[in-house]
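Worksheet: the structure to be examined is printed underneath.
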Amino acid sequence: DHPGGPMILLGKGSDCTMLFESYHAFNEPRKRLRKHDVTPDGLSPPVPPCPSAFLVDVHAMVREHFAKQPKFAHKAHGCQLLAIATLFVLEIAAAWYWLAFRSWIAGAVAGMLNYLIMVNAAHDGSHGALSGRKWLNSLGHFAGGAPWVTGQFSWWLQHVVSHHQHTNELGLDVDVTHFPFARWHRLMQHEICGGVCAGIHNLVWHTVTFLGATLSMSIIHPIMFVWRPMCQMACSGKLSAAYTGEVTSAPMPRAKLRLGDNAHDAAFAKYAGIFASSGSGCYSYALVAGNLVCLILSIGLLVLPVALSPSQWPSGIGLGLVPYASASLCFMFITQISHIQEDCQSERTMNEPDPYKRQAMTSLDYGEHSSLVSFLTGSLNVQSVHHTLPSISLVHYTALYDKFHAICVTHDCAPQSASSLVHAIGAHIKYVYRLGRGDEFGKGKEMAAVAEPAKKLPLCENESASMSAAKP
């Protein structure tokens with residue numbers, strides 16, 4: 001009966017304070033938390049207020065912006081839904097031409113269209129921001145993520161639970177460790193000798209990751225981090241060691257030279273174990289069936305070009321990979337350039353004690369007032385707004401940006417910015433090269449003289465107990 005749908009289950013079994021605070025921009029059902037209190041009998045601590053003055057101001061701004069408008073005015077509007085439907089028809093047409101005429105260009109176009117649907121529909125749907133109707137959010141997520149970008153359950157774990165709550169936190173944000181051989185974080189242990197060759201080495205594996213990431217996200221991640229642990233729980237009632245324990249118990253990822261341990265995915269496995277052991281995946285048989293259909297579709301379209309023409313299997317393999325490569329390249333460029341930047345990982349940013357201010361500071365924005373850039377990137381060009389207000393549809397970010405940025409300036413947490421997409425990509429590539437070379441990095445443009453890291457924002461008294469209310 002949760003108004004936001006099954007997303008509340010993502011907090012089951014873990015500290016979901018950030019999810020609770022971030023998603024309730026309009027209503028703050030704090031009094032309802034009392035009936036879910038898990039403090040010892042006889043103790044009735046007050047339900048704490050939001051611990052972040054910055055987030056309070058942002059939520060007040062959003063409520064004022066949408067005041068006197070219909071109930072779901074902050075969701076996607078009709079024009080956006082029509083544009084998504086048009087893209088979906090075009091994707092089907094391109095996919096048909098790709099298979100019927102074995103066209104590599106049509107396959108690449110189909111992958112790019114899937115990317116556009118993903119960032120404009122699936123992404124919003126995964127946050128409950130596409131519509132006030134829960135079924136439409138799920139439909140948008142399934143139709144937009146499949147077949148060449150991502151699955152639903154695995155995306156929730158990777159993106160909503162891990163990335164949104166712990167942006168750029170090494171060992172907690174699985175997005176900074178997509179591939180074991182690429183170094184995307186300045187704190188990541190480096191096993192490769194420094195210098196120009198190491199910088200080029202990092203860029204090479206960076207490119208490989210960009211070309212193959214969505215193949216992993218749509219097939220490997222669902223198998224490894226959804227179906228495998230769920231099947232273990234269903235068959236034996238227990239999980240293998242990789243899936244057990246707290247996320248913080250996972251070994252730290254590192255940029256390494258050879259395959260061996262799976263440290264780069266260890267935190268992902270812990271998130272998956274919590275999800276499987278809590279039974280959250282079985283909340284809805286329709287969602288389980290939808291995830292299974294998406295996985296079968298992703299695998300099927302990968303092997304179908306070979307199955308249709310077995311005698312041409314070498315070209316068939318390449319043909320099957322083309323949509324994945326084009327979708328992955330678009331998706332990774334747009335998502336990673338907004339976070340894998342020097343200032344987004346600086347000491348000043350990562351030591352900010354207010355986690356909600358840190359959501360803005362770990363983002364790099366560009367093209368903030370362009371509706372075209374907003375559509376082509378799914379508004380991931382203004383990640384600072386999205387991370388702070390995930391339940392607001394991307395179609396409103398352009399209108400909200402100036403007000404949001406003014407609040408960030410007031411609270412000394414303005415996001416990083418670039419003059420254009422080209423500028424953002426250039427800074428990203430330069431940073432990845434320097435990470436591979438093993439360069440030392442400063443503490444941030446504005447905090448170079450600060451010697452001591454900031455202390456983390458303390459929780460209000462008994463807050464951790466009260467916030468566990470989001471556990472169903």
Side-chain angles (χ1 to χ4, degrees), residues 83-123 140-155 158 178-182 203-227 259 290-336 376-378 425:
I84 292 169
T86 302
L87 288 173
F88 188 66
V89 172
L90 292 173
E91 181 191 14
I92 293 175
W96 172 81
Y97 198 92
W98 163 64
L99 289 172
F101 298 96
R102 298 182 70 83
S103 169
W104 292 60
I105 294 177
V109 170
M112 292 177 186
L113 289 168
N114 194 179
Y115 150 77
L116 280 174
I117 302 171
M118 194 282 164
V119 294
N120 282 283
H123 190 205
H141 194 170
F142 284 132
W148 294 302
V149 182
T150 185
Q152 187 195 45
F153 283 163
S154 56
W155 172 260
Q158 173 184 345
H178 267 281
F179 202 68
F181 304 138
L203 286 176
V204 169
W205 285 114
H206 180 71
T207 304
V208 171
T209 307
F210 269 36
L211 288 170
T214 61
L215 178 64
S216 178
M217 290 164 59
S218 56
I219 297 178
I220 298 174
H221 287 179
I223 292 174
M224 292 296 298
F225 304 120
V226 176
W227 295 106
L259 287 172
N291 275 270
L292 184 58
V293 168
C294 287
L295 177 60
I296 293 172
L297 182 63
S298 296
I299 297 174
L301 287 178
L302 177 64
V303 302
L304 193 56
V306 175
L308 291 175
S309 300
S311 62
Q312 303 179 50
W313 65 267
S315 63
I317 293 175
L319 199 63
L321 291 173
V322 163
Y324 281 106
S326 64
S328 185
L329 195 61
C330 293
F331 178 79
M332 293 299 285
F333 257 121
I334 296 304
T335 56
Q336 297 305 93
L376 293 177
T377 64
I425 291 175

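Given the structure is predicted, the values throughout are model-derived calculations rather than measurements.
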Look at the side chain of [X] and the backbone N and O of [Y], then say whether any donor-acceptor pair between them is shorter than 3.5 Å.
{"X": "Asn114", "Y": "Ala327", "value": "no"}
{"X": "Ser328", "Y": "Ala213", "value": "yes"}
{"X": "Ser218", "Y": "Trp148", "value": "no"}
{"X": "Asn120", "Y": "Leu116", "value": "yes"}

Would you say that [X] contacts [Y] through its side chain, given a criterion of any heavy-atom pair below 4.5 Å between the two side chains?
{"X": "Ile105", "Y": "Trp98", "answer": "no"}
{"X": "Leu211", "Y": "Leu321", "answer": "no"}
{"X": "Tyr115", "Y": "Ile334", "answer": "yes"}
{"X": "Pro222", "Y": "Leu295", "answer": "yes"}

Inter-residue atom distance Ser216.OG - Tyr324.OH, 0.5 Å rounding: 11.0 Å

Distance (rounded to the nearest 0.5 Å) between Thr207 OG1 and Phe210 CZ: 8.0 Å

Full working for side chain to side chain contact (heavy atoms under 4.5 Å, CB included) between Val149 and Trp155: CA-CA 10 Å; Val149 182; Trp155 172 260; over 6 Å; no

For the student: nearest non-hydrogen atoms of Asn291 and Gly151, plus distance: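 It is OD1-C, 4.5 Å.
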
Gly316 to Val306 - nearest heavy-atom pair and separation: C-CG2, 3.5 Å

Leu304 and Leu301: CA distance, side-chain angles, deciding distance, side chain to side chain contact (heavy atoms under 4.5 Å, CB included) verdict: CA-CA 5 Å; Leu304 193 56; Leu301 287 178; 4.2 Å; yes

Short side-chain donor-acceptor distance under 3.5 Å, Thr209 and His178: no

Stepwise side chain to side chain contact (heavy atoms under 4.5 Å, CB included) check, Leu99 with Leu308: CA-CA 9 Å; Leu99 289 172; Leu308 291 175; 4.3 Å; yes

Pair listing, side chain to side chain donor-acceptor pair (under 3.5 Å) test, anchored in residues 296-310, at least two apart: Arg102-Ser309

Residue pair Val208, Trp205: steps toward the side chain to side chain contact (heavy atoms under 4.5 Å, CB included) verdict: CA-CA 5 Å; Val208 171; Trp205 285 114; 4.0 Å; yes

